[in-house]
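Below you'll find the structure, written out as structure tokens, and then a few comments.
All values below come from the heavy atoms of this structure, side chains included, with hydrogens, waters and symmetry mates left out. Below, chains carry the letters A, B, ... as their sequence lines are ordered, and counting in each starts from 1.
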Protein chains: 2
Amino acid sequence: MNSSASTKERILTAAEALFAQRGFEGASLRQLTAAAGVNLAAVNYHFGSKDNLVEEVFRRRLDQLNARRLAALKQVVGQPDATLEDVLAAFIRPALDLSHDGGGSLFMRVLARAFAEHDDSLRKFLSDNYGHVMRQFTAEFARLLPQLSKEELYWRIDLVTGALTHAMSGFGIIQRKSDVSETTHREQTAAHLIRFSAAGLKDAPGDWA
Amino acid sequence: MNSSASTKERILTAAEALFAQRGFEGASLRQLTAAAGVNLAAVNYHFGSKDNLVEEVFRRRLDQLNARRLAALKQVVGQPDATLEDVLAAFIRPALDLSHDGGGSLFMRVLARAFAEHDDSLRKFLSDNYGHVMRQFTAEFARLLPQLSKEELYWRIDLVTGALTHAMSGFGIIQRKSDVSETTHREQTAAHLIRFSAAGLKDAPGDWA
DNA sequence: GTCTATAAAGTGATAGAC
DNA sequence: GTCTATCACTTTATAGAC
């Protein structure tokens, strides 16, 4: 029953889809291995445990995603006339591209679930492994928005994060129309996200802070 | 082991807390009835099934929440000089108040989970029972933002929804400091949400739409 | 309305043959 | 590296005594 990919990769792909659809608790190893066309015992052989498999599902996509984000940010920071929109684009575009190339469109839904879960160990894993990315972007936002207090900036970045996660996990009311190409739709999505986020970030600071 | 509240109410309260913490699949009836101090069989006696219990957890809070939202919106629509911020406040403040009175602060986390779940039957339940509330608010936004195309407006409302859900479920980086009262913190949260959302909604429409 | 006991099925994980 | 078989346990739900 082996297709082209390795057993390990096929488990990861099937797990990503099932975690997106039914959650980490909701997706059982039996459903998962059946979908991947591999033996039940293969999960424990290759990953050790279900928890470890969950982490590997994140690692596979986030390593690539965050490398691309940091590369894009580096490009932007190099330019003296970089705008807030440029920094937002460096953060957003790589995430939208995920849904294009790797077939990893489901991964953003997995990520949205992880946010909603509040699971401490999972959050610690994400923070430990990818927190430095968020810190670099935050520093750049702070540089471009010096009029905002630290607290006000954190608040707004938090709200931007919410909007992005929501939009990128794709449960918005906006569906791509059949006469719009996938590429065009992704460009429009990026433009909406960047514009909306920039407007919220740039707004004058509140006078009550 | 009976405290003051009825068995039914105590199950609902325990279920809300556990669903927020461990998810709908992750929270078992055994954990739930143990936390409520009631017998395991009481869930099936009072609610028929776990799925039905989930719906009742939503109904208990959303009936009140949406009634307050519509009442607040009615007040706003009555005034000829109502602002976008007023409409946003009518939507946001009742949700923040939930965390104050009923001890229902956990409910917003349950709601955030429901959004991330993509569960069709749950989404249909929410849409069937509370969709009219969102439609009324959308109509008011459209009236106050006539420069936006229907598509652009829907996009922005969707992004606002993401920011609100994220913030109200309380997994932001912003925590209340010990020297800030609960009331003050809620006011600041509301101010941030309203200001940020209004800025994103009011931004000039894109020229590519 | 609340209880115990249990049915029937599902769960993650593992031992051991190949 | 892959398989079967199974362990030890948990799950929802229900039957029937009180």
Side-chain angles (χ1 to χ4, degrees), chain A residues 1-60 110 113-114 117 119-122 124-125, chain B residues 1-60 110 113-114 117 119-122 124-125:
Chain A
M1 236 301 186
N2 272 328
S3 299
S4 53
S6 73
T7 297
K8 219 169 161 174
E9 280 296 318
R10 306 178 71 224
I11 291 174
L12 285 168
T13 300
E16 182 174 76
L18 268 162
F19 289 159
Q21 194 176 89
R22 332 218 330 121
F24 306 112
E25 302 252 13
S28 76
L29 295 184
R30 278 172 177 77
Q31 296 170 323
L32 198 154
T33 49
V38 304
N39 189 272
L40 167 63
V43 168
N44 280 281
Y45 177 79
H46 286 285
F47 297 96
S49 71
K50 185 181 180 180
D51 278 355
N52 211 38
L53 169 61
V54 171
E55 287 196 359
E56 290 302 318
V57 166
F58 281 100
R59 204 186 301 278
R60 178 171 69 151
V110 176
R113 263 187 199 271
E117 296 267 343
D119 180 286
D120 281 341
S121 65
L122 190 54
K124 184 177 179 339
F125 167 80
Chain B
M1 239 301 188
N2 270 328
S3 300
S4 54
S6 72
T7 295
K8 218 169 160 173
E9 280 296 318
R10 307 178 70 224
I11 291 174
L12 285 169
T13 300
E16 183 173 77
L18 270 161
F19 289 160
Q21 196 176 88
R22 331 218 328 120
F24 305 113
E25 302 253 14
S28 76
L29 295 184
R30 276 173 177 75
Q31 296 170 323
L32 196 156
T33 48
V38 304
N39 189 273
L40 168 63
V43 168
N44 279 282
Y45 177 79
H46 287 285
F47 298 95
S49 70
K50 186 181 180 179
D51 278 354
N52 211 37
L53 169 61
V54 171
E55 287 197 0
E56 289 303 316
V57 165
F58 281 100
R59 202 186 303 277
R60 178 172 67 152
V110 177
R113 264 187 198 273
E117 297 266 344
D119 181 284
D120 280 342
S121 66
L122 190 54
K124 185 177 179 338
F125 166 80

I need the [atom1]-[atom2] distance between [X] and [N], as an integer number of Å.
X        : N       : atom1 : atom2 : value
Ile11(B) : dG1(C)  : CD1   : P     : 12 Å
His46(B) : dT14(D) : NE2   : P     : 15 Å
Leu32(B) : dT10(D) : CG    : P     : 17 Å

- Sort out for me which residue in Val57(A), Leu32(A), Thr13(A) forms a side-chain contact (heavy atoms from CB on, under 4.5 Å) with Leu18(A).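 Exactly one option meets the side-chain contact (heavy atoms from CB on, under 4.5 Å) with Leu18(A), and it is Leu32(A).
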- Along nucleotides 3-18 of chain C, 5' to 3', which nucleotides get a B, which get an S, and which get a -, given that the test is a protein heavy-atom distance under 4.0 Å? BB------BBBB----
- Message: It should be established whether Thr7(B) places a side-chain nitrogen or oxygen under 4.0 Å from OP1 or OP2 of nucleotide dG1(C).
- Response: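 Looking at the OP1 and OP2 atoms of dG1(C), neither is under 4.0 Å from any side-chain N or O of Thr7(B).
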- Query: Is Lys50(A) atom NZ crowded by more than 12 heavy atoms from other residues, nucleotides or ligands, each under 6.0 Å away?
  - Reply: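 Enclosed.
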Any donor-acceptor pair under 3.5 Å linking the side chain of [X] with the backbone of [Y]?
X         : Y         : answer
Arg22(B)  : Asp119(A) : no
Arg113(B) : Phe24(B)  : no
Gln31(A)  : Ser28(A)  : yes
Arg30(A)  : Leu40(A)  : no

